[in-house]
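What you see is a predicted model; the values in this text were computed from it and never measured. Note on naming: letters A, B, ... go to the chains in the order of the sequence lines (proteins, then strands), and numbering restarts at 1 for each one.
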2 protein chains.
Amino acid sequence: MSARSSRKARGDRTTRASSKVTALTLRWVGGPGGYLSLLDQTLLPARVKYLRIRELPVVIDAIRRLAVRGAPAIGVAAAYGLVLGLREEAPATAAAFRRSLARVKKRLAASRPTAVNLFWSLDRMAARAGALAGGEYSFRELLRGLLDEAREIHEEDQRLCRAIGEHGGKLLRSGWNVLTHCNAGALATGGMGTALAVVYSAVETGKKIRVFADETRPLLQGARLTSWELMEAGVDVTVACDNAAASLMSTGQVHCVVVGADRIAANGDVANKIGTYGVAILAREHGIPFYVAAPSTTFAPHTASGDGIPIEQRASAEVIDGFGVKTSPPGVDVYNPAFDVTPARYVTGFITEQGLLEPPYKRNIARLFKTAGTHG
Amino acid sequence: MSARSSRKARGDRTTRASSKVTALTLRWVGGPGGYLSLLDQTLLPARVKYLRIRELPVVIDAIRRLAVRGAPAIGVAAAYGLVLGLREEAPATAAAFRRSLARVKKRLAASRPTAVNLFWSLDRMAARAGALAGGEYSFRELLRGLLDEAREIHEEDQRLCRAIGEHGGKLLRSGWNVLTHCNAGALATGGMGTALAVVYSAVETGKKIRVFADETRPLLQGARLTSWELMEAGVDVTVACDNAAASLMSTGQVHCVVVGADRIAANGDVANKIGTYGVAILAREHGIPFYVAAPSTTFAPHTASGDGIPIEQRASAEVIDGFGVKTSPPGVDVYNPAFDVTPARYVTGFITEQGLLEPPYKRNIARLFKTAGTHG
C-alpha cells in the first residue's frame with residue numbers, strides 16, 4: 001500500500017469513527033408539528049435512551065437535570081424549546097405572540113444561569129421572530145420560520161464544531177496524550193464537540209492520540225460521557241479521578257490539556273465545569289499547554305471579566321447522595337458549585353471556529369466580534 | 001461567667017468532644033487469648049460495626065480492603081496481627097518460633113507497599129522478640145511479651161498524636177478554615193489523628209475552626225470518614241469534591257492546608273493519598289500554608305527521595321464500579337494509583353510529635369532521627 005493510500009484508508013476509518021458520535025445529542029424530527037428527540041445523558045453509559053419531547057416544561061427539566069448539557073447543546077435545545085413553547089401557546093394575535101415569546105424565552109433563560117450560549121440562542125430566535133413579524137400575522141408561518149431558525153442554529157453549531165476541530169487538530173502531535181475535564185464532546189454540542197472535536201480531527205488526519213478523561217465529580221461527565229463517546233468513536237481513552245491529574249502530569253503522561261467553556265468573558269477569563277481552574281494551575285506548574293476550545297457563541301463580549309459571571313450552586317445531594325448510596329453523614333454541609341473561573345493568564349490559547357486566538361485576549365476577543373458577522 | 005471560667009468551660013466541652021473519637025479505630029480485648037476489635041471503615045458512615053479478629057488472614061484482608069487504613073493505624077494493626085499470627089502457629093521450639101516470626105512478618109509486610117509505619121512496626125516487634133528470646137524457650141512468655149509490645153506501640157501512637165496536635169494547634173488561628181485531604185484523623189491512627197489532631201487541639205484551646213474535607217476519590221475517605229469523625233466530635237465540617245479545592249482557595253475560603261502522610265523521604269518528599277500533590281500546588285499558587293502532620297514513625301530515613309517510594313496501583317473497579325453503579329463503559333482503561341508524591345519544596349512545614357520541622361529538610365529530618373531515641 002502506498003503512503004498516500006495508507007493515509008487515505010486511515011482517514012476513512014477515522015472519519016467513519018467520528019461520524020458515529022456526531023449529532024448524537026439531539027435532533028428535531030418532522031415539521032412544525034414534530035418533536036425534539038433528545039438523548040437522556042443522565043442514563044449513560046448504562047442506557048442509550050432518547051426522549052421524545054413535545055412540551056416546553058420537559059425541555060426545561062431536561063436542561064436543569066442535565067439530561068442535555070454542554071453550553072452549545074443547551075443553546076440548540078433552547079432554540080427548539082422555544083418552538084415547542086410557542087406551539088403550545090398558539091397565540092391568536094401578533095400582540096399575544098409577542099407576550100408568548102417573552103414568556104417562553106424567560107422560562108427557558110431561567111433554566112441554567114452560567115452557559116452563555118443559552119441566552120445567545122434565545123436572543124437570536126427572538127430577533128428572527130421580530131424580523132418575521134413584519135407582514136400580516138400568521139402563527140403558522142411564524143412557527144415554521146422559527147423552526148427553520150432553530151435548525152439553522154443547530155447546523156451552524158455543527159459547522160462551528162468541525163471548524164474548531166480542524167484548527168485545533170493541527171496543534172496536536174502524533175503520540176500525544178491529551179487530558180480533558182468534563183465532557184466537551186459530541187454530547188455537549190449539536191455536532192462533533194469542541195475540545196473533543198480537536199481530538200477527533202487530529203485522529204482523522206492519522207495522528208495517534210490518547211485522551212485522559214478526568215472523571216469530573218460530582219456528576220462524572222468524564223467517566224460516563226467522555227469515555228463513552230470516545231470508545232464509540234474508537235479513540236483511546238483512560239479514565240482517572242480528578243485528583244490524579246497532578247500525578248499524571250508529574251509523571252510525564254500528559255502533553256496537552258484541552259477543555260471546553262460555558263462562558264468566556266471579554267478579558268479571556270473562562271467559566272467552565274468545576275475543577276477546570278485547578279487543572280489549569282497544574283498544567284502551568286508542569287509546563288503543559290492549556291487550550292480552551294469554544295465557538296464564538298460561547299464568548300460574552302458584554303461580560304467584562306470572570307467576576308461578572310454568575311456561578312450556579314447545585315444541590316448537595318449530587319455530592320453525597322449521587323449513586324443511591326449515602327456517602328456522608330446526613331446533614332453535613334456541602335460546597336457544590338457547578339463551575340469555576342479560570343483567569344485568562346492560565347490559558348495558552350482559545351481554539352475557535354476562526355482559528356487559534358492568543359494573547360493579548362482583550363484586544364483579540366474584541367477583534368473576533370468585529371469579524372464574526374453573525375455573532376456580533 | 002469570667003473570661004477564665006468561660007475559657008475553662010469551653011475547654012472542657014471540646015476536650016470531651018475530641019475524646020469521643022480518640023481510640024475508635026481498634027483495640028485489643030483481653031489477654032494473649034483475646035482478640036483484635038477493629039472498626040470496619042468500609043461501612044462508614046452508614047454503619048458502625050466492629051470486627052472481632054482472631055486470625056491473621058482476617059487482619060491482612062482488613063488492611064488490603066481498607067477496613068483499617070491510615071499509616072499509623074496500619075502500623076498498630078500489624079503489631080496485633082503479628083501476635084495473632086504467632087498464636088495460630090504456636091511454634092514448639094525456639095527455631096520454629098524464629099521461622100514462624102519471619103513467615104508472619106513477611107505476610108503482613110506484603111499487605112500494602114507504601115505506608116512505612118507498617119514496616120517500622122513489624123521491625124520493632126521482631127526486635128522485641130529477639131530481645132525476649134534470650135533465656136529458655138517459652139512460647140507463652142514470648143506471646144505475652146509481644147502483646148505487651150504491640151500495646152506499647154499502640155499507646156505510644158496515642159501519645160504521638162496528642163503531641164502532634166499540641167504542636168500543630170498553635171499554628172492555627174481562631175476563625176480559620178482548614179482544608180484537609182483524605183482522612184488523617186482518629187480513624188487513621190490508634191489515637192486522635194495527625195492532621196485532625198491539629199484541629200482537635202486548636203478547638204480544645206477555644207479556637208473556632210471549620211474544616212473543608214476533600215471527598216477524596218475514589219474511596220471517599222474525606223466524605224465518609226473525615227466528615228463523620230468531625231461531626232462526632234462536634235467540629236464544623238464542609239464536604240467538597242476534590243476538584244472544588246481550587247475554587248475554595250481562589251474565593252478566599254481556605255486559610256491553611258493540613259494533611260497526613262504515608263511515607264516521608266529523607267529529603268522531605270511526601271507520599272500521601274492521591275490528590276495531595278495537586279492540593280499542595282494549589283495552596284502554593286494561592287499563598288496558603290501547606291502543613292504535613294505525621295509522627296516520626298512515618299519518616300523513612302533510608303528512603304532518599306520520593307523517587308524511591310513504591311506507589312501502590314489499585315483496582316480499576318474502585319473508580320468505575322465503586323457504588324454498585326457502573327459509571328464508565330465496561331473495559332475502559334483506568335489510572336488508579338493510591339498515592340502521589342509531593343516534592344518537599346511545596347511543604348511549609350512538618351508537624352511532628354517533637355514540634356514544627358522546617359526547611360532545610362534534609363538536615364532537619366536527619367536531626368529528628370538523632371534525637372528520637374525509639375525510632376532510630
Side-chain angles (χ1 to χ4, degrees), chain A residues 44-46 181 210 212-218 220 223-224 227-228 231-232 236-248 250 253 273-282 284-285 311 316 319-320 322-337 339-341 343, chain B residues 44-46 181 210 212-218 220 223-224 227-228 231-232 236-248 250 253 273-282 284-285 311 316 319-320 322-337 339-341 343:
Chain A
L44 286 175
H181 190 71
R210 169 171 289 276
F212 281 108
D214 278 357
E215 67 170 1
T216 317
R217 286 283 289 149
L220 301 173
R224 294 192 300 109
S227 69
W228 183 78
M231 287 175 86
E232 289 285 311
D236 291 336
V237 57
T238 300
V239 171
C241 294
D242 299 304
N243 64 25
S247 163
L248 281 170
S250 71
Q253 298 183 71
K273 178 56 54 195
I274 184 74
T276 303
Y277 171 46
V279 173
I281 294 172
L282 301 181
R284 161 73 59 91
E285 188 76 5
I311 300 295
S316 62
V319 177
I320 60 170
F323 303 91
V325 179
K326 288 189 172 37
T327 51
S328 274
V332 73
D333 289 330
V334 174
Y335 177 68
N336 185 26
F339 305 95
D340 59 23
V341 174
Chain B
L44 286 175
H181 190 72
R210 169 171 289 276
F212 282 108
D214 278 356
E215 67 170 1
T216 317
R217 286 283 290 151
L220 301 172
R224 294 191 299 109
S227 69
W228 182 78
M231 287 174 86
E232 289 285 310
D236 293 335
V237 57
T238 299
V239 171
C241 294
D242 299 303
N243 64 26
S247 163
L248 282 169
S250 72
Q253 298 182 70
K273 178 57 54 196
I274 184 72
T276 304
Y277 170 46
V279 173
I281 293 173
L282 300 181
R284 160 73 60 88
E285 188 76 6
I311 300 296
S316 61
V319 177
I320 59 170
F323 303 92
V325 179
K326 289 189 172 36
T327 51
S328 274
V332 73
D333 289 329
V334 174
Y335 177 69
N336 185 26
F339 306 97
D340 60 23
V341 174

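Residue contact with chain B, scored on non-hydrogen atoms closer than 4.5 Å, involves the side chain of P45(A) exclusively. Both the backbone and the side chain of A244(A) come within contact range of chain B, each with at least one heavy atom under 4.5 Å from a heavy atom of that chain. When heavy atoms are compared at a cutoff of 4.5 Å, D333(A) approaches chain B by way of both its backbone and its side chain. Contact annotation for V237(A): both backbone and side-chain heavy atoms come within less than 4.5 Å of a heavy atom of chain B. Only the backbone of P330(A) comes within less than 4.5 Å of a heavy atom in chain B; its side chain stays farther off. Proximity to chain B involves both the backbone and the side chain of P218(A), based on heavy atoms less than 4.5 angstrom apart. Looking at L248(B), the atoms closer than 4.5 Å to chain A (heavy atoms on both sides) sit in the backbone and in the side chain alike. For A223(B), the parts lying near chain A are the backbone and the side chain together; criterion is any non-hydrogen pair under 4.5 Å.
Across all non-hydrogen atoms, the minimal contact from Y277(B) to S247(A) is CD2-N, 4.4 Å. Residues L282(B) and I281(A) come closest through the heavy atom pair CD2-CD1, 3.7 Å.
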Inset, instruction - Show your reasoning for whether side-chain contact (heavy atoms from CB on, under 4.5 Å) applies to V332(B) and M231(A). - result: CA-CA 8 Å; V332(B) 73; M231(A) 287 175 86; 3.8 Å; yes
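Between chain A and the options D340(B), D242(B), V239(B), the largest number of non-hydrogen pairs under 4.5 Å is found for V239(B). Interface remark: of the candidates E285(B), K326(B), R224(B), E285(B) forms the most heavy-atom pairs closer than 4.5 Å to chain A. Listed options G278(B), P329(B), A240(B), G275(B) were ranked by heavy-atom pairs under 4.5 angstrom with chain A; first place goes to P329(B).
Between N243(A) and D214(B), the closest side-chain pair of non-hydrogen atoms is not below 4.5 Å. Contact annotation: the side chain of E215(B) never approaches that of T327(A) to less than 4.5 Å [non-hydrogen atoms, C-beta and beyond].
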